[in-house]
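Note sheet for the following structure.
Only heavy atoms go into these numbers, but all of them, side chains included; no hydrogens, no water, no symmetry mates. To find a chain, count down the sequence lines: A is the first, B the second, and so on, and within it residues start at 1. Since this is a predicted model, take the numbers as computed values, not measurements.
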Protein chains: 2
Amino acid sequence: MSDIKTTEGLTPPLTLPEDEVRQGIELLFYAYRDFTIEPDTILLKYGFGRAHHRVIYFVGRHPHMSVSELLVILRITKQSLARVLGQLVRQGFIVQHTGKSDRRQRLLQLTPTGVELERQLSENQRQRIQRAYVEAGPHAVEGFRKVMLGVISGDADRGRFRRTR
Amino acid sequence: MSDIKTTEGLTPPLTLPEDEVRQGIELLFYAYRDFTIEPDTILLKYGFGRAHHRVIYFVGRHPHMSVSELLVILRITKQSLARVLGQLVRQGFIVQHTGKSDRRQRLLQLTPTGVELERQLSENQRQRIQRAYVEAGPHAVEGFRKVMLGVISGDADRGRFRRTR
DNA sequence: AAAATATGTCAACATGTCTGACATAAAAAC
DNA sequence: GTTTTTATGTCAGACATGTTGACATATTTT
């Protein structure tokens with residue numbers, strides 16, 4: 001973050017062109033915008049929103065996760081989560097079961113219907129990533145990962161990516 | 001864009017590991033989430049939201065752009081835009097002037113105050129990108145760009161990036 | 001003169017976020 | 001074993017951002 005000093009003849013140009021940085025900002029904006037359009041459309045049919053997708057995605061990704069773990073990932077309040085999670089539970093996409101070691105916890109899990117919805121929702125996003133990855137090539141993907149990790153804030157979250165590869 | 005055929009012994013592995021794709025999805029989620037936290041916090045002080053930032057950003061980026069051009073970029077309805085744009089104009093961050101060739105148009109421009117707010121808002125995002133770019137190196141940045149362009153949908157939007165480099 | 005375009009505006013509504021307050025059950029600490 | 005902390009739920013009210021639909025005005029194009 002800080003220095004403009006570690007430059008002793010190394011590769012990176014220390015002052016990046018204004019335009020290059022602006023481009024980076026806009027790439028993130030457009031990519032995220034397009035990345036969410038199609039799932040959003042599907043969700044409409046169920047009367048759900050993007051928040052439901054996020055919950056379904058992460059519960060699918062980490063079965064038996066607790067409510068508080070989910071809150072940490074999503075960075076929203078429990079009241080915000082309560083509405084969408086409640087809907088998903090009442091409508092049979094997610095089940096909650098009491099934790100064994102800690103009976104206060106409500107561990108979350110997708111139902112078969114939930115799994116199906118998750119698949120349907122993420123399908124387009126998977127294809128989009130897959131296509132972009134294949135077209136760009138593995139070398140570019142490595143660079144993509146590096147930059148994205150640099151954009152992400154905390155070591156905690158960065159740690160989530162320290163396994164693949 | 002289309003094919004899965006140009007593979008005769010080339011580099012890209014055609015079936016990407018499930019986990020690699022998932023990782024890509026999550027990188028986008030976390031990066032975008034963290035990318036917007038700080039500006040959002042600043043905006044709160046002004047009673048503004050993320051939508052105001054987007055308007056200020058793009059008007060700053062493309063001075064004298066028309067309302068309809070802005071609508072195309074943002075992909076929202078004019079009624080949605082009207083609210084935030086109206087606030088920004090009334091509070092002196094943006095001025096509208098009638099188009100010369102087409103007097104129906106209201107061309108948008110940041111006031112000095114608007115420029116200052118834009119700078120303040122985007123400062124953190126610029127630093128974030130700059131840091132990530134410098135740390136990852138120009139080679140990685142090239143890969144990042146390739147992948148992000150692949151994620152973005154239309155040729156129209158991709159065309160916005162066909163100049164730098 | 002008529003039609004299309006660029007913009008603005010009013011109204012109603014859905015969604016997702018927030019803060020604040022309070023309740024319950026279970027675990028941890030004393 | 002009582003107290004405190006933790007995990008979760010819930011109610012209520014607020015605000016920001018998005019949507020549709022309808023209609024108005026000025027200006028350009030046909």
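For residues 76-93 of chain B, no residue pair satisfies the salt bridge (charged side-chain N to carboxylate O under 4.0 Å, His left out) rule, not counting sequence neighbours. The list of salt bridge (charged side-chain N to carboxylate O under 4.0 Å, His left out) pairs with a residue in residues 35-47 of chain A, not counting sequence neighbours, reads A:Asp40-A:Arg50.
When rounded to the nearest whole Å, the span between NE2 of A:His53 and P of C:dT17 equals 14 Å.
Among residues two or more places apart in sequence or in another chain, the ring pair (Phe, Tyr, Trp, His ring centres under 6.0 Å) test is passed with B:Tyr32 by A:Tyr32. Partners of B:Arg54 according to the side-chain hydrogen bond (donor to acceptor under 3.5 Å, both in side chains) rule, which considers only residues two or more places apart in sequence or in another chain, do not exist here. Under the ring pair (Phe, Tyr, Trp, His ring centres under 6.0 Å) criterion, A:Tyr30 pairs with B:Phe161, not counting sequence neighbours. Every residue meeting the side-chain hydrogen bond (donor to acceptor under 3.5 Å, both in side chains) condition with B:Arg126, not counting sequence neighbours, appears here in chain and number order: B:Glu118. In this structure, the ring pair (Phe, Tyr, Trp, His ring centres under 6.0 Å) partners of A:Phe29, at least two apart in sequence or on a different chain, are B:Phe58. Legend: residues meeting salt bridge (charged side-chain N to carboxylate O under 4.0 Å, His left out) with A:Glu116, ordered by chain and number and at least two apart, are A:Arg119.
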Under 3.5 Å, sequence neighbours excluded: what are the donor-acceptor pairs made by side chains of residues 92-108 of chain B?
| from | atom 1 | to | atom 2 | distance (Å) |
| --- | --- | --- | --- | --- |
| B:His97 | NE2 | B:His64 | ND1 | 3.0 |
| B:Asp102 | OD1 | B:Arg104 | N | 2.9 |
| B:Asp102 | OD1 | B:Arg104 | NE | 3.1 |
| B:Asp102 | OD2 | B:Arg104 | NH2 | 2.9 |

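Direction change of the helix axis from one end of the helix from C:dA1-D:dT30 to C:dC30-D:dG1 to the other is 30°, with five pairs defining each end axis (rounded to 10°).
A donor-acceptor contact closer than 3.5 angstrom links the side chains of A:Gln120 and A:Tyr46.
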(message) I'd like to compare against my own output: the B/S/- annotation of nucleotides 7-19 of chain D with a strict under-4.0 Å heavy-atom distance to protein.
(response) SBBBB----SBBB

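Among the protein residues, B:Thr98 comes within range of no part of the nucleic acid, since none of its heavy atoms lies under 4.0 Å from any strand.
Taken residue by residue, residues 33-44 of chain B places no heavy atom nearer than 4.0 Å to DNA chain D.
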